[in-house]
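Worksheet: one structure, shown below.
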Amino acid sequence: SRGLGDVYKRQVSFLQWLSCTQHSGDRAVLLLPYGFIDKQRPKAVQETMRHFIIHHRTPMQEPFARTNCRAEIVVVERA
């Protein structure tokens, strides 16, 4: 099994890829662990999120079945 640090690294890596791939004004709908975009550490989370405007976020009503992880739906726009 992978540790939480690995999960955050993969999510940050994906967000970095998204910020390089999207053009200004492009939007994406993301499913992220609840509170992930509020995390202060690793610092790369906040550094990467500065590339996006958050338009909407809402908690999912149920956790993921396999992992029982609480998550939220986040709509972001490339700044």
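Model, not experiment: these values are computed from the prediction.
- The backbone N or O of Gly35 sits less than 3.5 Å from a side-chain atom of Glu72, completing a donor-acceptor pair.
- Using a 4.5 Å cut-off on side-chain heavy atoms (C-beta onward), Asp38 and Arg57 make contact.
- Looking at heavy atoms from C-beta onward, Phe52 lies out of side-chain contact with Asp26 at the 4.5 angstrom threshold.
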(message) Using the rule given for side chain to side chain contact (heavy atoms under 4.5 Å, CB included), can you reason through Val45 versus Tyr8, listing the C-alpha separation, both sets of side-chain angles and the distance that settles it, and then say yes or no?
(response) CA-CA 8 Å; Val45 172; Tyr8 289 148; 5.6 Å; no
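- The distance from atom CG of Asn68 to atom CD of Glu62, rounded to the nearest 0.5 Å, is 10.5 Å.
- A donor-acceptor pair under 3.5 Å is formed between the side chain of Gln46 and the backbone N or O of Ile37.
- At least one side-chain heavy atom of Ile54 sits under 4.5 Å from a side-chain heavy atom of Val74.
- Between Arg78 and His23, every side-chain heavy-atom pair lies at or beyond the 4.5 Å cut-off.
- Atoms NZ and CD, from Lys39 and Gln11 in turn, are 10.0 Å apart once rounded to the nearest 0.5 Å.
- Using a 4.5 Å heavy-atom threshold, the side chains of Ile73 and Leu30 count as separate.
- With sequence neighbours left out, the salt bridge (Lys or Arg N to Asp or Glu O under 4.0 Å) criterion links Arg70 to no other residue.
- With values rounded to the nearest 0.5 angstrom, Leu15 atom CG is found 12.5 Å from Glu47 atom CD.
- Using a 4.5 Å cut-off on side-chain heavy atoms (C-beta onward), Val76 and Arg27 make no contact.
- Cluster annotation: Val12 is connected to Phe14 through the hydrophobic network of ILVMFWY side chains, with a link wherever side-chain heavy atoms come within less than 4.5 Å.
- For Glu77 against Gly25, the heavy-atom pair with the smallest separation is OE2-CA, 3.3 Å.
- No donor-acceptor pair closer than 3.5 Å links the side chain of Ser13 to the backbone N or O of Lys9.
- Between Arg50 and Thr48 the shortest side-chain heavy-atom distance does not fall below 4.5 Å.
- Residues Val29 and Ile53 do not share a hydrophobic cluster, defined by chaining ILVMFWY side chains whose heavy atoms lie under 4.5 Å apart.
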